[in-house]
Undergrad: 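Please find one structure pasted underneath; my questions will follow.
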Amino acid sequence: MLSGPYPDRVAQIIRTRFEQAENHCKSRFERFYRYEKLIDMISKKKQFDWKANAFLPYAYAMSEQAASAKHEVLFQSRPYVTVRPRAILRDPEAEDIASRRQALIDYHMTASTESPINEGIGPQMLRLAERYGTTVAMVSPEWETKKVRYRAREFHPTVLGPISRITWKQQVQKLYSIRTLPCDLTDVFPQPGFRDINGPEGMRYIFYRSYKTKDELEDMEASGLIGPEVNGKPVADITDTNQQDMNEYKLRRLFVDRYDDTTRYQDPYDTTVELIDAFIVMPIDAIDPEIAFLEEQAGLDPRKRWIVLANKKIVLQDVALPWEHGMWPFVKMDCVPDPYDFYGK
């Protein structure tokens, strides 16, 4: 039975479910690690001293060739995804919204030929699918703050009457955008035993892990993205931090095998915090009735929640899903789909 304040109940539920999902994924993450060694053709254990421990990366060339061929087939014509208006009758405003959404999808999925830095998420997802059998991308809203300076006329009272002056003012504005992020599979933890993220047989929860410094979290709290404004605790309640800024499998993949360097990733000056974004269906006794009432008045489902947990202890955000479709903000693409396995073949 759950007891105690509501933030403690939420932290207990997420911590328990995350540990179950993490234990379930460990064997799959070890398999991903072996895939990376196979693709890089690196082997530290040699049967003979004269044998080399690095070979020509044929596996890498084959995976890149397969991803390139699929990219040419899938992205040879536009639109990549046709978006139709929801309204049954022909409504100019609904058609305009549908066309904008369709253009946004094309923008994110297109490999940019003008800039070699931004190549779009399409090729990245195809590469990951060829390496691991599947790939997952997070599609969620992202808020940014921007300081705007402008000139305004002010009237100052004097003995001779009001005087008009032009002064500079500063205003902080929030900018809204859609974030499309191809995820590292070792940071995504689906519910064990489920294949589909959304749909009639979709998961009841899915987790995404990331790392941020405490300074970054304080800036987010000042902007109202986390903390008391979104039903969370203040960042000052986070008392334990660490220098690790990536998970164990990513560390081994990037540094240990390639450079034999276990301290390369550590920064002695930045202290990071492990964040778990939980998209979860919460039991009713773990939801504050006052918050649930306000969310129902706003047309949201209070049981489907987006919760951010810091270091598996402190709840920084606890809100209902802010979008109207009510689905988890992840899309999945399989290289060879498996009807019974989330990760495919």
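Index from 1, following the sequence. If you're wondering where the values come from, they're calculated on a predicted model, not measured in any experiment.
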Undergrad: Would you say Ile238 and Asn311 make side-chain contact, with heavy atoms under 4.5 Å?
TA: yes

Undergrad: Would you mind reporting whether Ile280 and Ile307 have side-chain heavy atoms less than 4.5 Å apart?
TA: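 The answer is yes, as the side chains (C-beta and beyond) meet within the 4.5 Å cut-off.
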
Undergrad: Taking only residues two or more places apart in sequence, or in another chain, which ones meet Glu130 in a side-chain hydrogen bond (donor to acceptor under 3.5 Å, both in side chains)?
TA: Lys70

Undergrad: Would you please name every residue forming a side-chain contact (heavy atoms from CB on, under 4.5 Å) with Pro339, sequence neighbours left out?
TA: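 Pro339 satisfies side-chain contact (heavy atoms from CB on, under 4.5 Å) with no other residue.
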
Undergrad: Under the ring pair (Phe, Tyr, Trp, His ring centres under 6.0 Å) rule, collect the residues that match up with Phe29, sequence neighbours excluded.
TA: Phe189, Tyr249

Undergrad: Taking atom CG of Leu225 and atom CG of Asp219, what is their separation to the nearest 0.5 Å?
TA: 10.0 Å

Undergrad: Can Asn198 and His325 be said to form a side-chain contact (heavy atoms from CB on, under 4.5 Å), step by step?
TA: CA-CA 11 Å; Asn198 294 295; His325 53 68; over 6 Å; no

Undergrad: Which residue pairs pass the ring pair (Phe, Tyr, Trp, His ring centres under 6.0 Å) test with at least one member in residues 275-302, sequence neighbours excluded?
TA: Phe279-Trp306, Phe279-Phe330

Undergrad: Set out, in order, the CA-CA distance, both residues' side-chain angles and the distance that settles salt bridge (Lys or Arg N to Asp or Glu O under 4.0 Å) for Glu154 and Lys169, then state yes or no.
TA: CA-CA 11 Å; Glu154 291 185 351; Lys169 290 188 176 182; 3.2 Å; yes

Undergrad: Output all residues satisfying ring pair (Phe, Tyr, Trp, His ring centres under 6.0 Å) with Phe207, sequence neighbours left out; order by chain, then residue number.
TA: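 Partners of Phe207 by the ring pair (Phe, Tyr, Trp, His ring centres under 6.0 Å) criterion, ordered by chain and then number, come out as Phe18, Tyr205.
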
Undergrad: Could you pull out all residues at least two apart from Asp96 that satisfy side-chain contact (heavy atoms from CB on, under 4.5 Å)?
TA: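 Result, side-chain contact (heavy atoms from CB on, under 4.5 Å) vs Asp96: Ser99, Arg100.
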
Undergrad: Between Arg151 (side chain only) and Trp168 (backbone N and O only), is there a donor and an acceptor less than 3.5 Å apart?
TA: no

Undergrad: Report yes if the side chains of Val235 and Ile226 come closer than 4.5 Å at any heavy-atom pair, otherwise no.
TA: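 Yes, at least one pair of side-chain atoms sits under 4.5 Å.
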
Undergrad: With sequence neighbours left out, write down each residue that passes ring pair (Phe, Tyr, Trp, His ring centres under 6.0 Å) with Phe32, or none if nothing qualifies.
TA: Tyr132, Tyr343

Undergrad: Going by the salt bridge (Lys or Arg N to Asp or Glu O under 4.0 Å) test, which pairs reach into residues 185-207, not counting sequence neighbours?
TA: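 Sorted pair list: Asp187-Arg209, Asp187-Lys250, Arg195-Asp334.
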
Undergrad: As an exercise, state the distance from CD1 of Ile13 to CZ of Arg17, rounded to the nearest 0.5 Å.
TA: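 Here the rounded value is 6.0 Å.
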
Undergrad: May I ask you to test the Tyr208-Val308 pair for a side-chain heavy-atom distance under 4.5 Å?
TA: no

Undergrad: In Å, rounded to the nearest 0.5 Å, how long is the span from OG of Ser210 to CG of Asp184?
TA: 12.0 Å

Undergrad: Answer yes or no: is there a side-chain heavy-atom contact under 4.5 Å between Asn231 and Gln317?
TA: no

Undergrad: Is it true that Glu274 and Lys212 have a side-chain N and a carboxylate O under 4.0 angstrom from each other?
TA: no

Undergrad: When you compare the side chain of Val188 with that of Ile206, does any pair of heavy atoms fall below 4.5 Å?
TA: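 Contact flag for Ile206/Val188 side chains = yes.
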
Undergrad: Heavy-atom distance under 4.5 Å between the side chains of Glu30 and Lys26, does that happen here?
TA: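 Answer no - side chains too far apart.
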
Undergrad: Look at atom CD of Glu290 and say whether more than 12 heavy atoms of other residues, nucleotides or ligands are closer to it than 6.0 Å.
TA: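 Counting neighbours around CD of Glu290, 12 or fewer heavy atoms of other residues, nucleotides or ligands fall under 6.0 Å, so no.
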
Undergrad: For Lys214, check side-chain hydrogen bond (donor to acceptor under 3.5 Å, both in side chains) against everything at least two apart and list the hits.
TA: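 Lys214 satisfies side-chain hydrogen bond (donor to acceptor under 3.5 Å, both in side chains) with no other residue.
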
Undergrad: Rounded to the nearest 0.5 Å, what's the gap from CE on Met282 to CD1 on Ile284? Could you check?
TA: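 CD1 of Ile284 is found 10.0 Å from CE of Met282.
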
Undergrad: Can a donor-acceptor pair be found, under 3.5 Å and without considering hydrogens, that links the side chain of Arg9 to the backbone of Asp285?
TA: yes

Undergrad: Taking only residues two or more places apart in sequence or in another chain, which ones pass side-chain contact (heavy atoms from CB on, under 4.5 Å) with Asp237?
TA: Lys233, Pro234, Ile314

Undergrad: Within the structure provided, determine whether Arg131 and Cys335 are in side-chain contact (heavy-atom separation under 4.5 Å).
TA: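 Not touching, per the 4.5 Å side-chain cut-off.
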
Undergrad: Please lay out, stage by stage, how Ile291 and Val319 fare under the test side-chain contact (heavy atoms from CB on, under 4.5 Å).
TA: CA-CA 9 Å; Ile291 297 176; Val319 297; over 6 Å; no

Undergrad: Would you sort out whether Thr213 and Val273 count as a side-chain contact (heavy atoms from CB on, under 4.5 Å), showing the intermediate values?
TA: CA-CA 6 Å; Thr213 64; Val273 178; over 6 Å; no

Undergrad: Under the salt bridge (Lys or Arg N to Asp or Glu O under 4.0 Å) definition, can you give me all pairs with a residue in residues 294-306, not counting sequence neighbours?
TA: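 Pairs touching residues 294-306 that pass the test: Glu295-Arg305, Arg305-Asp318.
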
Undergrad: If you round to the nearest 0.5 Å, how far is SG of Cys25 from CZ of Arg31?
TA: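 Here the interatomic distance stands at 12.0 Å.
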
Undergrad: Under the side-chain contact (heavy atoms from CB on, under 4.5 Å) rule, what do Tyr6 and Val315 come out as? Steps first, then yes or no, please.
TA: CA-CA 10 Å; Tyr6 286 104; Val315 177; over 6 Å; no

Undergrad: Taking side-chain contact (heavy atoms from CB on, under 4.5 Å) as the definition, give me every residue that meets it alongside Tyr340, ordered by chain and number, with sequence neighbours left out.
TA: Asp338

